[in-house]
Amino acid sequence: MSEPEQVRPEVVAAIVAALRETDPSNLPADATRAEKDAAKDAYLSAMVADRAQRDRQSRAWELLLTRGHEDPPSWSQLFDELPDSSIPELGELFDALPEGAQAEYARRFGAPVSA
């Protein structure tokens, strides 16, 4: 039985960087199949995580923007307009809120335990 191929983290990181930057010039020439597979898994996992975070950010904005405004509203104004039913979900989305919204949420309700 053959030994499993050694996976060098620096090679995996270099492959992932090349994929993110769409620049093959820094691809390691001696990368093994196992390293290429590990890099592909890492790259795809990051893409899925990024997509999930963007979905959470979109949902947070949907909750925050309850109506149209002629002028850009302040965070305080947006939170004044929130229906009470949105507050628990915003707490669950706390990490996806913009910094100003996080500060206003924490000022009004305290930072969620998971934050």
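Just so you know, residue 1 is the first one in the sequence shown, and it goes up from there.
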Original post:
Is any side-chain heavy atom of R8 closer than 4.5 Å to a side-chain heavy atom of D30?
Top reply: yes
**OP:** Take atom CD of E99 as the centre, draw a 6.0 Å sphere, and report whether it contains more than 12 heavy atoms from other residues, nucleotides or ligands.
**Re:** no
Original post:
Counting only N and O atoms by type, is there a donor-acceptor contact under 3.5 Å from the side chain of E81 to the main-chain atoms of T66?
Top reply: no
Original post:
Which of parallel (below 30°), tilted (30 to 60°) and perpendicular (above 60°) describes F109 and F79?
Top reply: tilted
Original post:
Are the side chains of R108 and S76 in touch, meaning some heavy atoms are under 4.5 Å apart?
Top reply: yes
Original post:
Taking S86 for the side chain and L82 for the main chain, is one N or O donor matched with an acceptor at less than 3.5 Å?
Top reply: no
Subject >> Test item: E35 side-chain N/O and T32 main-chain N/O as donor-acceptor pair under 3.5 Å >> reply: yes
**OP:** Quick one: pull up OG in S74 and CG in D80 and give me the separation to the nearest 0.5 Å.
**Re:** 7.0 Å
Original post:
Do L97 and L64 come close enough that some side-chain heavy atom pair is under 4.5 Å?
Top reply: yes
**OP:** Determine whether L19 and I15 make a side-chain contact, defined as any pair of heavy atoms from C-beta on separated by less than 4.5 Å.
**Re:** yes
Subject >> Point-to-point distance, once rounded to the nearest 0.5 Å, from CG of L78 to CZ of R67 >> reply: 9.0 Å
Original post:
Can you find a heavy atom in the side chain of W75 that is under 4.5 Å from one in the side chain of P98?
Top reply: yes
**OP:** Flag the pair D55 and R51 as a salt bridge only when some basic side-chain nitrogen lies within less than 4.0 angstrom of an acidic carboxylate oxygen.
**Re:** yes
Original post:
Can we say D37 and R33 salt-bridge, meaning some charged N sits less than 4.0 Å from an Asp/Glu carboxylate O?
Top reply: yes
Original post:
Within the distance-only criterion (no hydrogens, no angle test), does the side chain of R56 pair as donor or acceptor with the backbone N or O of E92 below 3.5 angstrom?
Top reply: yes
Original post:
Is any side-chain heavy atom of D95 closer than 4.5 Å to a side-chain heavy atom of Q53?
Top reply: yes
Subject >> Close side-chain approach of I87 and D84, heavy atoms under 4.5 Å >> reply: yes
